[in-house]
Amino acid sequence: MTAPTKPMPHSPAAPGDSPEPTGDALHSPVIAWFDAHARDLPWRRPDAGPWGVMVSEFMLQQTPVSRVLPVYEQWLARWPRPADLAGEAPGEAVRAWGRLGYPRRALRLHGAAVAITERHGGDVPTQHAQLLALPGIGEYTAAAVASFAYGQRHAVLDTNVRRVFARAVTGVQYPPNATTAAERKLARALLPEDARTASRWAAASMELGALVCTAKNENCARCPIADRCAWRTAGKPAHDGPARRTQTYAGTDRQVRGKLLAVLREAVTPVPQAALDRVWDEPVQRARALDGLVADGLVEPLSDGLYRLPLT
DNA sequence: CATTCGTGGGA
DNA sequence: TTCCCAAGAAT
């Protein structure tokens, strides 16, 4: 059911340009695989709507699907439209965020809902540039919402797609640490001309990276393009560049912030300083973490040594 | 461009 | 148990 794709129109090749990648050979098998194996995720259902898609994208930024699912359902049940969330205190968004991690995302999602209510009549904007202007929405999320919610033609470059392209096309095990201009160019070159097909391709290539072409223990036996995969054909050479910096967590400010915020999420009434002091014994780091939370707007200090999630 | 920012589950 | 990571954004 893929629309016939036309060759990409392209400008005269600059010196040093690599040949135009052949995306057409990849679209059909990947999209057919997607039609057969895609997960039935709530934000992919027709009734999810742009707001559902947007909420899911915020939650899925660095958080696994399995942990997002229950929170997503509660969130949409409580705030079915952007204006519903915008009418709440930001602290309620932080509380409902629960243990998804990176709670600033909750604050930004609330801020985005406010902006949508104020500037876009309560509807998630349709244009990439409008989406990009919202708090918490970067290059990836803007493209994802425009593509998944509105069926537009955008290069959707998340970590899964980048890995699929790195292997299938470039022939290396892992993409660069940060998204490069070369990756964007490749993604654009591979994008089907037809918007509907491009949207499908974006979701399909992402799902392939999430389910089959995974970071570890990739399953080439289930891959619809294994026979065309440059990395596999080359004998799966190991990643040669510098090892990807593994992030430590124990003992960091992030861990302390997490503990502090956990206390405040559970509390119905403002929490005295003494209760927060109990989560970490080192006073300097503890104070720094709390100051950071306040600076980020995740915690609101009251006048008498009490703290709570932000009311405004 | 490199860092910071949570969390919990699986290998 | 330790390690690695899972649909990024902001600075």
Side-chain angles (χ1 to χ4, degrees), chain A residues 34 38-39 41-44 48 52-72 94 97-109 111-112 131-149 154-164 174-181 183 187 199 202-211 213-219 239 242-265 279 285 288-289 291-293 295-299:
Chain A
F34 184 66
R39 292 168 291 181
L41 300 172
W43 44 87
R44 286 180 179 160
V53 171
M54 183 174 143
V55 169
S56 77
E57 291 301 338
F58 269 77
M59 293 183 172
L60 288 165
Q61 290 168 1
Q62 301 286 281
T63 301
V65 167
S66 60
R67 287 173 47 208
V68 164
L69 285 169
V71 181
Y72 171 86
V94 174
W97 197 255
R99 310 188 68 80
L100 287 183
Y102 293 147
R104 291 188 296 192
R105 291 181 293 164
L107 226 43
R108 291 170 183 156
L109 179 51
L131 290 163
L132 199 55
L134 297 174
I137 294 192
E139 179 183 355
Y140 160 75
T141 303
V145 172
S147 181
F148 301 152
H154 292 283
V156 181
L157 263 186
D158 81 319
T159 186
N160 291 306
V161 174
R162 294 179 60 220
R163 187 172 54 249
V164 169
Y174 296 118
N177 285 321
T179 305
T180 63
E183 286 182 278
S199 174
S205 53
M206 189 177 309
E207 189 78 336
L208 185 64
L211 297 184
C213 193
T214 48
K216 292 163 45 171
N217 304 119
E218 70 280 357
N219 193 340
H239 182 68
R244 315 215 287 184
R245 229 177 61 101
T246 167
Q247 60 169 355
T248 55
Y249 179 64
T252 61
D253 286 5
R254 292 157 72 180
Q255 185 182 22
V256 183
R257 287 166 56 108
K259 287 178 176 296
L260 291 170
L261 207 55
V263 171
L264 293 165
R265 275 198 311 263
V279 308
Q285 186 179 27
R288 184 173 65 233
D291 285 349
L293 289 170
D296 288 345
L298 284 163
V299 171

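Quick caveat: nothing in here was measured; it's all calculated off a predicted structure.
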Between B:dC5 and C:dA7, how many Å separate the two P atoms, rounded to a whole number? 22 Å
Using modelled atom types only, decide if a donor and an acceptor are shared between the side chain of [X] and the backbone of [Y] within a distance under 3.5 Å.
X: A:R105; Y: A:L100; result: yes
X: A:D296; Y: A:L298; result: no
X: A:S199; Y: A:S147; result: yes
X: A:R162; Y: A:P175; result: no

Provide, to the nearest angstrom, the distance between the [atom1] atom belonging to [X] and the [atom2] atom belonging to [N].
X: A:L132; N: C:dA9; atom1: CG; atom2: P; result: 9 Å
X: A:R257; N: B:dT4; atom1: CZ; atom2: C1'; result: 9 Å
X: A:L107; N: B:dG6; atom1: CG; atom2: P; result: 11 Å
X: A:R44; N: C:dA7; atom1: CZ; atom2: P; result: 12 Å
X: A:D158; N: C:dA7; atom1: CG; atom2: C1'; result: 5 Å
X: A:L264; N: B:dG6; atom1: CG; atom2: C1'; result: 15 Å
X: A:Y72; N: C:dA6; atom1: OH; atom2: C1'; result: 18 Å
X: A:F34; N: C:dA7; atom1: CZ; atom2: C1'; result: 12 Å

Heavy atoms only, 4.0 Å cut-off, all strands: where does [X] land among base, sugar-phosphate and nothing?
X: A:G101; answer: base
X: A:R162; answer: nothing
X: A:Q255; answer: nothing
X: A:L100; answer: base
X: A:W43; answer: base

Reading DNA chain C from 5' onward, which residue's closest nucleotide shows up sooner: A:L41 or A:P135? A:L41
Between A:R108 and A:E207, name the one whose nearest nucleotide on DNA chain C is closer to the 5' end.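 The residue closer to the strand's 5' end, by nearest nucleotide, is A:E207.
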If the condition is side chain to side chain contact (heavy atoms under 4.5 Å, CB included), which residues does [X] pass it with, not counting sequence neighbours?
X: A:R265; answer: A:R99, A:L261, A:A262, A:L309
X: A:D291; answer: none
X: A:T180; answer: A:P176, A:A182, A:E183

With nearest nucleotides of DNA chain B determined for A:A178 and A:T252 from heavy-atom distances, which residue corresponds to the more 5′ nucleotide? A:A178
Closest to the 5' end of DNA chain B, once A:N217 and A:L293 are matched to their nearest nucleotides, is A:L293
Show me the protein contacts with nucleotides 1-5 of chain C, counting only N or O atoms at under 3.5 Å.
none

Nearest-neighbour nucleotide for the A:R265 side chain, B:dC5, B:dT7, C:dA6 considered: B:dT7
Residue A:Y102, side-chain atoms from C-beta onward, closest of C:dA10, C:dA7, B:dG6: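 Per side-chain heavy atoms of A:Y102, the pick is B:dG6.
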Salt bridge (charged side-chain N to carboxylate O under 4.0 Å, His left out) pairs touching residues 136-146 of chain A, sequence neighbours excluded, are A:E139-A:R184
Please, which pairs that meet salt bridge (charged side-chain N to carboxylate O under 4.0 Å, His left out) have at least one residue in residues 57-71 of chain A, sequence neighbours excluded?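 Sorted pair list comes back empty.
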With a 4.0 Å heavy-atom cut-off, tell me which residues in residues 54-68 of chain A come close to DNA chain C, sorted by residue number. A:E57, A:L60, A:Q61, A:Q62, A:P64
Side-chain N,O ([X]) to OP1/OP2 ([N]) below 4.0 Å:
X: A:T141; N: C:dA9; result: yes
X: A:R104; N: C:dA10; result: no
X: A:R105; N: B:dT4; result: no

Under the ring-ring contact (aromatic ring centres under 6.0 Å, His included) rule, collect the residues that match up with A:Y72, sequence neighbours excluded. A:W43
With sequence neighbours left out, write down each residue that passes ring-ring contact (aromatic ring centres under 6.0 Å, His included) with A:F34, or none if nothing qualifies. none
